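The structure under discussion appears below in the form of structure tokens.
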Amino acid sequence: MKIRVGIVDDEAPALKRICKVLSGYDNVSIEGIHTDPAMLLMEAEGGKFDLVLLDMEMAVMHGLELGRRIYAIQPKVQIVYITAFQQYAHQAFDVEALDYIMKPVTKESMGRALNRFVARQALTMPSRTMKAVIKCFGWFRVETEHGVLVKFRNSKSRELLALLFINRGSPVSKSKIIEALWSGKDVERAQVNLHSTVYQLRKDLEQHGLFDIVEQDKGEGGSYRLKAPPLRDEWTQFTDLCGTYRTDQHIRHAREAVQLYQEGFLKEHDWEWAAAAKLKAESDFHVMLEAVIRYELSGGHYADALPYLYQMVASNPYHEEYQARIIAAHLLEHDPLAAEAHYDKISRLFQEDLGDPPSFTLRQVAVNPEKYMHT
């Protein structure tokens with residue numbers, strides 16, 4: 001089936017060039033060529049087009065206004081803007097434009113727009129899931145269902161997707177996004193940045209077969225959200241494991257939660273807006289870690305407890321109770337050299353950072369190491 005295309009530009013030479021470029025595509029049928037926006041609008045109302053190419057700067061009606069009117073009466077029609085002015089590009093996405101093309105129109109730019117149209121039309125059945133896996137411990141990253149890592153062209157695209165993901169499908173207002181990603185920036189410039197970032201994010205996802213992921217709502221100042229949840233995401237997996245452990249107290253769930261958290265929630269990113277979520281994840285991690293340590297020590301599995309004890313002091317090296325348990329565990333495993341080496345290490349750390357040695361001595365722990373295992 002051919003793509004039914006309508007075109008409007010109040011400059012005849014520009015129309016001629018667009019038609020010439022489109023004539024090179026066998027899957028395109030030009031159904032309307034107009035210099036008057038009103039004529040194209042009337043034909044669009046009758047359901048004549050699948051795709052419309054709109055010039056931005058027209059004397060009778062601005063392309064953005066025309067696009068809004070077409071979208072209102074035929075929301076399934078895809079819109080591509082054609083403009084000689086870069087500053088209009090970001091505004092195109094206020095009407096959910098498929099793409100924008102800079103003049104002069106080339107076969108390459110038109111081909112890109114047509115390919116995006118075909119890809120979107122392939123989504124005839126709405127997907128209930130985002131065909132991807134989101135990983136959020138260490139670096140925030142996205143993999144397709146086939147294990148291919150999505151490449152983000154810039155850091156803000158990655159950050160925007162992370163922000164929408166953290167909100168779990170709830171709409172995030174444009175003002176909130178701008179405050180989170182471009183705090184303190186000029187408002188107009190920040191809006192340009194937002195629109196261009198949304199556009200780039202969609203392109204990044206679509207290049208990996210992930211279409212129709214970011215949805216825009218134009219009401220009440222505008223907002224964006226993730227349209228569908230991912231096939232799987234580490235954050236949900238982690239919180240589910242923590243919740244399940246709290247319910248059934250099965251240590252396997254606590255172990256899996258600790259294993260999943262290894263690199264830390266969004267640890268490689270210093271996004272201020274994520275601070276609360278990071279603190280919550282870290283708090284849950286410590287609860288799970290303490291549960292595993294308690295389980296191993298109560299069963300006398302000192303060697304098994306040691307890796308978890310070292311994880312605990314990695315986040316708080318001045319926690320004397322856990323530092324003493326590490327030394328005690330080494331002693332109970334008949335490894336006095338390891339116990340002595342660890343005590344020497346933390347003694348230097350405490351002296352250099354706090355000005356005092358630990359409140360316990362190696363000799364004290366060695367007298368009764370089991371005493372330090374009570375949790």
Side-chain angles (χ1 to χ4, degrees), residues 132-143 149 158-159 161-170 180 226 229-330 342 345-346 349-350 353 358 372-375:
V133 176
I134 292 181
K135 298 188 175 182
C136 48
F137 291 98
W139 283 99
F140 180 85
R141 56 208 187 278
V142 180
E143 292 181 0
L149 191 66
R158 184 192 301 270
E159 186 176 358
L161 182 60
L163 176 62
L164 298 178
F165 165 71
I166 287 292
N167 282 273
R168 295 182 180 271
S170 297
L226 285 189
L231 287 174
R232 186 174 75 257
D233 74 82
E234 289 182 336
W235 191 26
T236 297
Q237 187 181 355
F238 175 76
T239 55
D240 286 351
L241 285 168
C242 294
T244 302
Y245 173 76
R246 289 186 175 97
T247 300
D248 64 16
Q249 296 291 297
H250 197 300
I251 201 62
R252 175 175 62 86
H253 297 125
R255 285 189 204 277
E256 291 178 7
V258 169
Q259 180 64 32
L260 188 60
Y261 186 87
Q262 291 289 342
E263 297 181 76
F265 184 68
L266 299 178
K267 186 175 182 180
E268 300 300 326
H269 306 285
D270 58 355
W271 299 327
E272 290 185 12
W273 55 264
K278 292 172 79 170
L279 284 173
K280 177 63 167 63
E282 185 177 17
S283 174
D284 288 342
F285 164 68
H286 282 127
V287 171
M288 296 299 105
L289 187 56
E290 287 172 351
V292 176
I293 291 172
R294 187 166 53 248
Y295 175 86
E296 299 295 3
L297 294 182
S298 64
H301 310 136
Y302 305 124
D304 293 333
L306 275 167
Y308 298 107
L309 287 166
Y310 275 109
Q311 273 188 272
M312 183 64 80
V313 299
S315 59
N316 185 2
Y318 311 113
H319 198 305
E320 291 196 3
E321 181 181 339
Y322 282 103
Q323 294 288 15
R325 284 178 183 169
I326 290 175
I327 294 167
H330 281 304
H342 189 73
K345 179 182 177 180
I346 65 168
L349 175 70
F350 277 51
D353 291 359
Y372 293 86
M373 294 308 183
H374 296 303
T375 59

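Computation of the quantities below employed the complete heavy-atom set of this structure, encompassing side-chain atoms and omitting hydrogens, waters and symmetry-equivalent molecules. In this chain, residues are counted from 1 in sequence order. From a predicted model like this one, the values you see are computed outputs, not experimental measurements.
Formation of a donor-acceptor pair under 3.5 Å by the R141 side chain with backbone atoms of L149 is not found in this model. Under the 3.5 Å distance criterion, the side-chain polar atoms of E143 are left unmatched by any main-chain donor or acceptor of V133. The backbone N or O of G264 sits nowhere less than 3.5 Å from a side-chain atom of E282 that would complete a donor-acceptor pair.
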Worksheet item: After noting the C-alpha distance and the side-chain angles of I326 and I346, does the key distance pass the side chain to side chain contact (heavy atoms under 4.5 Å, CB included) rule?
Response: CA-CA 11 Å; I326 290 175; I346 65 168; over 6 Å; no
Practice prompt. Applying side chain to side chain contact (heavy atoms under 4.5 Å, CB included), run through F137 and Q237 and close with a yes or a no.
Written response: CA-CA 11 Å; F137 291 98; Q237 187 181 355; over 6 Å; no
Discussion item. Quick one, V287 with Y245, criterion side chain to side chain contact (heavy atoms under 4.5 Å, CB included). Give me CA distance, side-chain angles, the key distance, then yes/no.
Written reply: CA-CA 10 Å; V287 171; Y245 173 76; 5.7 Å; no
Discussion item. If you apply the rule side chain to side chain contact (heavy atoms under 4.5 Å, CB included), what do you find for F350 with E320, and how did you get there?
Written reply: CA-CA 10 Å; F350 277 51; E320 291 196 3; 3.4 Å; yes
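Annotation: the span from E234 atom CD to L266 atom CG amounts to 10.0 Å, rounded to 0.5 Å. For the atom pair L226 CG and F165 CZ, the distance stands at 8.5 Å (nearest 0.5 Å). Here the straight-line distance linking atom OG of S298 with atom CD1 of I293 works out to 11.5 Å at 0.5 Å rounding. Here L241 contributes atom CG and Q259 contributes atom CD; the two are 11.5 Å apart, rounded to the nearest 0.5 Å. The structure places OG1 of T239 at 9.5 Å from CG of L260, a figure rounded to the nearest 0.5 Å. To the nearest 0.5 Å, atom CE of residue M373 and atom CG of residue L297 are 5.5 Å apart.
A heavy-atom distance below 4.5 Å is found between the side chains of S315 and H286. Using a 4.5 Å cut-off on side-chain heavy atoms (C-beta onward), T244 and H250 make no contact. By the 4.5 Å heavy-atom criterion applied to side chains, M288 and H253 are not counted as neighbours. Proximity of K267 to K278: side-chain heavy atoms (C-beta onward) are nowhere separated by under 4.5 Å. Between W271 and L163, the closest side-chain pair of non-hydrogen atoms is not below 4.5 Å. Inter-residue side-chain proximity for W139 and H269 is flagged as met; some heavy-atom pair is nearer than 4.5 Å. Two residues are said to be in side-chain contact when any heavy atoms from C-beta on lie closer than 4.5 Å; I134 and W235 fail this criterion. The closest side-chain heavy-atom distance from W273 to I166 is below 4.5 Å.
Aromatic rings of H301 and Y308 (six-membered ring for Trp) have centroids beyond the 6.0 Å cut-off, not under it.
With no hydrogens or angles considered, a side-chain donor-acceptor pair links D233 and T236 at under 3.5 Å.
Nearest heavy-atom pair, F265 versus A281, reported as atom, atom and distance to 0.1 Å: CB-CB, 3.7 Å. Taking both residues in full, the closest heavy atoms of Y372 and A324 are given as CD2-CB, 3.7 Å, listed atom of the first, atom of the second, then distance. The two residues A257 and C242 make their nearest non-hydrogen contact at CB-SG, 4.2 Å.
Using a cutoff of 4.0 Å between basic side-chain nitrogens and carboxylate oxygens, E321 and R325 are scored as salt-bridged.
Atom OH of Y295 has 12 or fewer neighbouring heavy atoms from other residues, nucleotides or ligands inside a 6.0 Å radius. For D353, the CG atom counts as densely surrounded, since its 6.0 Å shell holds more than 12 non-hydrogen atoms of other residues, nucleotides or ligands.
Counting only residues at least two apart or in different chains, salt bridge (charged side-chain N to carboxylate O under 4.0 Å, His left out) contacts with residues 243-260 comprise R246-D284, R252-E256, R255-E296.
Taking the six-membered ring for Trp and thresholds of 30 and 60 degrees, H342 and Y310 have ring planes more than 60 degrees apart, a perpendicular arrangement.
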